[in-house]
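Step one of this worksheet: look at the structure below.
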Number of protein chains: 2
Amino acid sequence: MSDAAPREEPASAGIKDVAALAGVSIATVSNALNHRERVAAPTLDRIDRAIGMLGYIPNGAARSLAAGRTRSFGLVLSDLGNSLFVDIARGAERAADERGLSIVLANSDGELEREDRYVELFAETRVRGVLLTLNDASHFRAIVGRHAHGQPLVMLNLHDDSGRYCTASIDNEAGGHLATAHLLETGRRRIVFVGGPDSLQPVDDRRRGFRRALAQAGLTPVDEVSPTWVNRADGWQVGRALAERVRAGEVDGIVAASDLLAAGIVQALSEHGAIPVPDQVGVIGYDNNQAAWDAPIPISTISQPGEELGFVGAHLLIDEVEQPGHEHRAIRLNPELIVRRSTER
Amino acid sequence: MSDAAPREEPASAGIKDVAALAGVSIATVSNALNHRERVAAPTLDRIDRAIGMLGYIPNGAARSLAAGRTRSFGLVLSDLGNSLFVDIARGAERAADERGLSIVLANSDGELEREDRYVELFAETRVRGVLLTLNDASHFRAIVGRHAHGQPLVMLNLHDDSGRYCTASIDNEAGGHLATAHLLETGRRRIVFVGGPDSLQPVDDRRRGFRRALAQAGLTPVDEVSPTWVNRADGWQVGRALAERVRAGEVDGIVAASDLLAAGIVQALSEHGAIPVPDQVGVIGYDNNQAAWDAPIPISTISQPGEELGFVGAHLLIDEVEQPGHEHRAIRLNPELIVRRSTER
DNA sequence: TTGTATGCGTTATCAT
DNA sequence: ATGATAACGCATACAA
């Protein structure tokens with residue numbers, strides 16, 4: 001009621017308040033916090049109680065300033081809308097958990113400016129190191145140029161064996177090859193690749209794998225079509241256009257650069273001409289999306305070990321941070337074939 | 001070659017190195033960093049150059065320790081696999097950007113233990129405040145109990161007007177009502193609700209909205225079915241089971257608790273009995289997923305303003321942090337009807 | 001406009 | 001087992 005309202009200060013208690021309440025020195029409190037074994041049980045008890053009463057929360061800033069380091073890593077994600085990156089985050093978190101470390105995330109949306117900004121923000125935070133997911137080789141170059149050496153940084157989802165950084169990525173060329181080889185093994189011979197714009201490096205790599213597989217079999221691609229994008233609607237259009245040729249026997253296999261694409265194709269095929277999949281044409285997708293699994297005709301696909309990618313990447317980073325003689329490595333993970341109805345024979 | 005190798009120290013330069021190189025005091029460097037207007041142009045120039053040469057990066061820990069606060073917020077997300085939460089993150093980032101603040105993310109996977117842990121980690125980091133997304137009312141209670149008051153915390157996606165916290169959420173009951181009302185307006189009268197397990201609070205709210213809309217129209221639900229989950233495969237099964245009754249004229253409208261569910265239903269309907277949607281039965285989904293938009297028969301749906309939710313939530317938090325007389329508010333956002341083919345008349 | 005000096009809340013070193 | 005105290009790297013009064 002008066003202006004001298006004794007406004008209770010929830011202003012967070014400090015270590016010295018705890019020390020006072022527990023009747024010990026701040027050094028002992030600090031020990032109780034970081035080296036429990038160094039302090040006697042009864043003392044520990046009083047301290048813990050004091051901490052509880054005051055709702056004391058250590059100040060991380062002071063802590064890392066004094067300790068000279070953090071207990072967390074930063075992870076910059078390219079695209080929160082893509083389950084691959086979410087898997088990566090999961091894997092990285094699992095690896096961090098093992099060591100009692102935490103992972104802080106940031107979303108770059110694939111924009112160079114934001115990739116830059118968050119790498120720097122994390123640098124200021126003095127995280128132990130940063131994991132950066134990248135799709136675009138040009139971004140890689142830009143960041144390498146700007147990056148203040150000394151801050152451990154490993155690149156995810158982009159391969160680079162120049163030895164300047166650790167990188168971990170998934171072999172898209174191998175994936176494209178895998179998908180195509182599977183179609184060949186099930187007896188298909190007239191195969192077409194349905195990809196996206198060349199600007200997407202992963203798609204381009206898959207296309208190269210496709211070509212190599214055909215070449216090894218002594219075949220040449222029937223065709224390669226590049227819709228403007230890689231979602232279901234695009235697949236539907238492509239499927240419609242392809243239906244004719246499938247019925248004419250000109251095409252008996254389709255390698256799609258994404259599951260959404262594949263799902264659209266299969267759908268268009270069955271609606272527009274009642275073309276039996278997999279009997280008359282085998283279709284395989286990429287990504288192991290839910291869409292592929294959910295489809296009325298479950299679609300064969302290539303699964304990417306996203307979680308393992310994050311896990312491996314985090315370990316690379318941990319090694320770089322902890323091992324004195326660390327040498328940069330470029331790890332490439334292998335995708336995996338998942339056979340479902342759409343390619344059965 | 002000798003063991004006295006003059007290992008170059010990339011050990012990050014400090015503010016005093018910059019000061020030395022620029023021939024000024026550290027206070028001036030600090031001013032150059034935080035109050036550029038206070039320092040003379042030529043001096044500024046020398047300092048900037050020095051910073052560049054040394055690759056100086058301010059130590060965030062020291063900075064916030066001295067300043068007493070951070071320039072970032074924490075955001076704990078329930079489910080990175082759900083686009084709603086990704087949208088929330090986007091909105092929150094946009095709000096933060098406006099004020100020159102950053103947002104750090106963490107993924108709780110909806111697990112109480114991780115929600116707790118990250119709220120605490122952020123507390124230690126002394127972020128300005130924390131945004132926490134929650135699905136489960138029981139988690140809310142647990143966290144409220146444990147939470148050390150004083151740390152600004154706003155809850156997202158969960159409504160609570162007890163006045164203890166700011167909350168921002170989307171009105172799922174209204175969404176269910178909206179969907180049902182739309183079906184009623186297009187002349188449907190025999191409507192069934194297809195939901196998920198009751199344990200999902202949002203689904204349950206939508207069901208309540210459905211009931212209310214029917215009651216207002218003086219109708220009773222034809223039926224309510226609860227598949228074990230809410231994805232496409234579940235919808236497909238439900239659709240198969242429903243086909244018979246639709247053909248018999250017992251059902252002419254379906255409110256699904258998710259777009260995936262709706263897509264599966266429509267698909268099963270058209271395959272299993274060639275039942276024309278929307279002519280014979282209107283189907284509406286929820287979420288405004290890509291799946292709904294991509295489907296061969298585009299599906300009407302309820303769109304959730306996730307980005308706005310994040311935006312509003314961040315503003316609530318900013319207000320709580322900056323305004324002395326702040327009072328907690330519980331904001332409820334309205335979902336929106338999106339009409340597409342599947343309910344046309 | 002620039003420099004000096006103090007303190008932020010911890011951890012770690014060294015005594016005791 | 002515990003306590004005193006010096007860093008940690010910077011921001012900010014305040015003095016010059």
Side-chain angles (χ1 to χ4, degrees), chain A residues 9-48 50-51 54-72 121 123-128 148 150-151, chain B residues 9 11-48 50-51 54-71 121 123-128 148 150-151:
Chain A
E9 285 289 84
S12 47
I15 197 174
K16 70 181 58 163
D17 301 307
V18 176
L21 208 171
V24 298
S25 77
I26 66 166
T28 303
V29 176
S30 177
N31 277 330
L33 253 35
N34 306 302
H35 312 279
R36 294 187 80 79
E37 75 281 1
R38 291 186 197 167
V39 35
T43 320
L44 211 51
D45 208 57
R46 271 157 42 223
I47 295 181
D48 284 344
I51 289 182
L54 274 51
Y56 166 69
I57 295 180
N59 181 323
R63 199 173 228 191
S64 28
L65 179 56
R69 57 183 187 169
T70 318
R71 291 201 59 72
S72 52
L121 174 67
E124 292 186 11
T125 303
R126 293 297 192 271
V127 294
R128 292 270 248 273
Q151 162 83 319
Chain B
E9 285 289 84
S12 47
I15 197 175
K16 68 181 61 163
D17 300 307
V18 176
L21 208 170
V24 299
S25 78
I26 67 166
T28 304
V29 175
S30 176
N31 276 329
L33 253 36
N34 306 302
H35 311 279
R36 296 186 76 80
E37 74 282 2
R38 292 186 195 167
V39 37
T43 320
L44 212 51
D45 209 55
R46 275 161 36 227
I47 294 180
D48 284 344
I51 289 182
L54 272 49
Y56 166 69
I57 296 180
N59 181 323
R63 199 179 246 207
S64 25
L65 181 55
R69 57 185 188 165
T70 317
R71 291 201 59 71
L121 175 67
E124 291 187 10
T125 303
R126 293 298 193 270
V127 293
R128 291 269 249 276
Q151 163 81 322

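Throughout, a chain's letter reflects where its sequence line sits, starting with A, and its residues are numbered from 1.
Checking side-chain atoms of A:S30 against main-chain N and O of A:I26 turns up no donor-acceptor pair under 3.5 Å. The backbone N or O of A:V127 sits nowhere less than 3.5 Å from a side-chain atom of A:S72 that would complete a donor-acceptor pair. Checked by atom type and distance alone, the side chain of A:R36 never pairs as donor or acceptor with a backbone atom of A:L33 at under 3.5 Å.
When distances run from any side-chain atom of B:T43 to the nucleotides C:dT1, D:dC10, C:dT10, the shortest one goes to C:dT1. Picking from D:dA4, D:dT12, C:dG9 the nucleotide with the shortest atom distance to the side chain of B:S30 gives D:dT12. Looking at the side chain of B:S25, the nearest of the listed nucleotides C:dG3, D:dG9, C:dT11 is C:dG3. Listed candidates were D:dG3, C:dT10, C:dT2. Nearest to the side chain of A:N59 is C:dT10. Of the candidate nucleotides C:dT1, D:dA1, C:dT4, D:dA1 has the atom lying nearest to any side-chain atom of A:A40. Relative to the side chain of A:V39, the nucleotides D:dT2, D:dA11, C:dT10 differ in distance, and D:dT2 lies closest. Of the candidates D:dC8, D:dA11, C:dG3, C:dG3 carries the atom nearest the B:T28 side chain, counting heavy atoms from C-beta on. Nearest to the side-chain atoms of B:A27 among the listed nucleotides C:dT11, D:dC8, D:dT12 stands D:dT12. Distances were taken from every side-chain heavy atom of A:L65 (C-beta onward) to each of C:dT4, D:dC8, D:dT12; the shortest belongs to D:dC8. Comparing C:dT10, D:dG9, C:dT2 by their closest approach to the side chain of A:R63 singles out C:dT10.
Dashed line: the shortest gap from a side-chain N or O of A:H35 to OP1 or OP2 of C:dA12 is under 4.0 Å.
Atom CD in B:E124 sits roughly 10 Å away from atom P in C:dT11 (whole-Å rounding). As rounded to whole Å, 8 Å separates atom C1' of D:dT12 from atom CG of B:N31. In this structure, CZ of A:R69 is placed 12 Å from C1' of C:dT11, rounded to the nearest angstrom. In this structure, A:R46 places its CZ atom 8 Å from P of D:dG3, rounding to the nearest Å. Rounded to whole Å, atom P of C:dG7 lies 15 Å from atom CD1 of B:I26. Here C:dG9 presents its C1' atom at 7 Å from OH of A:Y56, a figure rounded to the nearest Å. Computed from coordinates, the A:D45 CG to D:dA1 C1' distance equals 16 Å when rounded to whole Å. Residue B:I47 contributes atom CD1, which lies 10 Å from atom C1' of C:dT2 at whole-angstrom precision.
Counting non-hydrogen atoms under 4.0 angstrom, B:V29 reaches nothing in the nucleic acid. Within 4.0 Å (heavy atoms only), B:S64 reaches no atom of the nucleic acid at all. At the heavy-atom level, A:R38 lies under 4.0 Å from base atoms of the strands shown.
None of A:D17, A:V18, A:L21 except one satisfies the side-chain contact (heavy atoms from CB on, under 4.5 Å) rule with A:I51; the exception is A:V18.
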